[in-house]
Protein chains: 2
Amino acid sequence: MSLESLGPHQGGADALARRLARALLGGRWLPGEAFPKELDLAAHFTVSRNLVRNALAALTAAGLLERTAGRGTRVREVGDWHLLDPQMSDWLVGLERPQPQLVRELLAFRHSAEPVVAELAAGAADADDLARLEAAFRGMSETAEAPGQAAQHVEYDVAFHEAIYEASHNLVWRQMGHLLRPSILALVQHSQRPARGDGGLGDSLGRHAAVLAAIRDGDGTRAARAAREVLGLTARDLALDTATGVRADR
Amino acid sequence: MSLESLGPHQGGADALARRLARALLGGRWLPGEAFPKELDLAAHFTVSRNLVRNALAALTAAGLLERTAGRGTRVREVGDWHLLDPQMSDWLVGLERPQPQLVRELLAFRHSAEPVVAELAAGAADADDLARLEAAFRGMSETAEAPGQAAQHVEYDVAFHEAIYEASHNLVWRQMGHLLRPSILALVQHSQRPARGDGGLGDSLGRHAAVLAAIRDGDGTRAARAAREVLGLTARDLALDTATGVRADR
DNA sequence: GACCGAAAAATGTCTGACATTTACCCTGTC
DNA sequence: GACAGGGTAAATGTCAGACATTTTTCGGTC
């Protein structure tokens, strides 16, 4: 729609792509809607049309935009967005008001996928993988229940889950580790707002420890169950339980 | 390394990106190696430097290349390639000699993921999803055992599995449907070379039918097991059984 | 009213120049 | 001889303007 409240620009094409992508992910333009024209964008941000084109190329590669000569640029449907693109995860991180649907879908995906990944990890983890897992878990323990270290705790949390994906030793699963940071950060931001008594942690630490132990023992079935319980926590936090089991008309 | 045997160019930036990507995926340049410079590429293909830049931007967005001002362009490690990018799947389709590692990783991923997707699908499929699944299965049946319709059979096969991902009703899983065409095509090309007696089909049709029936009945556990057996076939075709269960030193 | 053509509007491409970053070599000094 | 310094070359990044191509729109003609 409009470009108001998007001030002048400083930085290269990547920075501009980031700004536009985050504005789009925040809902400034809706799917199906027309995106501003190259010349308008160039004029508004006081940059060359070439730079705008490079920035838009990044958004197009991420499946956010659809461009055709003569017709203009339009926002693609949410279902066409490349949520698995690492670039997209970068853009999603720290977004103030991401589309709630996106967060729900990301968490629902992890809820179904992460048990399998943990099972694979239990069967394939080597010494390096275990070292990464243990280092991340140690970091989580040391930074737990210290309000000032919340940011570091999140980073260790991300590193822990990322290490599970890495330990699967599969190129495709490993690529999905990029999904972790945005989804975990969204959870933290969400669960901190409605101030809960226990701080939102639950027995998170203990359940992570169960995953680690199962992977260390090479027990895939136990690892899958433990991973399911870790994510059961987060699912409950967002009232996601209904996301599974609901079935449309038959 | 070199640009020999890559003739002159015709088409836009997308076409050039496709040519370069397919050459790269075919192994013409190895990870860590230096990619040709913009001006050399422009001279070789008789196009403008701008067009080359746009093409390289696409390869960079797919994680294939890493570009830094002053240092040049280098091929990234295989682990950094964005295998989940739909663009990458397009480039992979029909590649004469794809890196065997990539095919193996894709199939290993499906072997672990597709049972979960089928389970989700059993719990979430609606009437439209079932119609798509049944249409695809009908197409598979009608084109089976007809040598002239091999290409169409593959398309129905892709459509069947894609419908499973769609039926999961999760944005992330649905994105992964793009992986199906390249992996299925690679399987077909591979299993047709060493001429096997039964034509490589096995009881593929029957096992697909089992998946369809389980999803129609809403039986997630059965759907997962059936999906595992469908992929067990393909795994055996490529001697992939060893991909799971092998564990490095402890 | 239907068909055709010209003009407008948007993205795609070309060209040449300059900016910026990085690596390399060459020099001077201790 | 080793090392710090600057200067030059090389590669990618950005800018500016023009032209090409595609799509839509509007008008005119029959």
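Below, chain A is the first sequence line, B the second, and so on; all start at residue 1.
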Listed partners of Glu142(A) passing salt bridge (Lys or Arg N to Asp or Glu O under 4.0 Å), at least two apart:
none
Pairs meeting criterion side-chain hydrogen bond (donor to acceptor under 3.5 Å, both in side chains) with involvement of residues 52-62 of chain A, two or more places apart
Glu38(A)-Arg53(A)
Among residues at least two apart in sequence or on other chains, which ones pass side chain to side chain contact (heavy atoms under 4.5 Å, CB included) with Gln175(A)?
Pro86(A), His178(A), His82(B), Leu84(B)
Listed by chain and number, what are the salt bridge (Lys or Arg N to Asp or Glu O under 4.0 Å) partners of Arg132(B), not counting sequence neighbours?
Asp129(B)
Axial bend angle, the helix from dG1(C)-dC30(D) to dC30(C)-dG1(D): five-pair end segments, nearest 10°
10°
Apply side chain to side chain contact (heavy atoms under 4.5 Å, CB included) to Ser141(A) and list each qualifying residue two or more places apart in sequence or on a separate chain.
Phe137(A), Leu205(A)
Using a cut-off of 6.0 Å, state whether more than 12 heavy atoms not belonging to Asp40(B) lie near its atom CG.
yes
Go through the structure and list residues passing salt bridge (Lys or Arg N to Asp or Glu O under 4.0 Å) with Glu155(B), not counting sequence neighbours.
Arg181(B)
Distances for protein N/O vs nucleotides 4-13 of chain C N/O pairs under 3.5 angstrom?
from, atom 1, to, atom 2, distance (Å)
dA10(C), OP1, Lys37(A), NZ, 2.5
dT11(C), OP1, Thr73(A), OG1, 3.1
dT11(C), OP2, Glu38(A), N, 3.2
dG12(C), OP2, Arg53(A), NH1, 3.0
dG12(C), OP2, Arg53(A), NH2, 3.4
dG12(C), OP2, Arg67(A), NH1, 3.2
dG12(C), N7, Arg49(A), NH2, 2.9
dG12(C), O6, Arg49(A), NH1, 3.3
dT13(C), OP1, Ala13(B), N, 3.2

Which residues pass the salt bridge (Lys or Arg N to Asp or Glu O under 4.0 Å) test with Arg76(B), not counting sequence neighbours?
Asp80(B)
Counterpart residues, side chain to side chain contact (heavy atoms under 4.5 Å, CB included), relative to Ser168(A) (two or more places apart):
Val117(A), Leu120(A), Asn170(A), Trp173(A), Arg174(A)
Could you pull out all residues at least two apart from Gln87(A) that satisfy side chain to side chain contact (heavy atoms under 4.5 Å, CB included)?
Asp85(A), Asp90(A), Trp91(A)
Can you check nucleotides 5-8 of chain D for protein contacts, nitrogen or oxygen pairs under 3.5 Å, and list what you find?
none

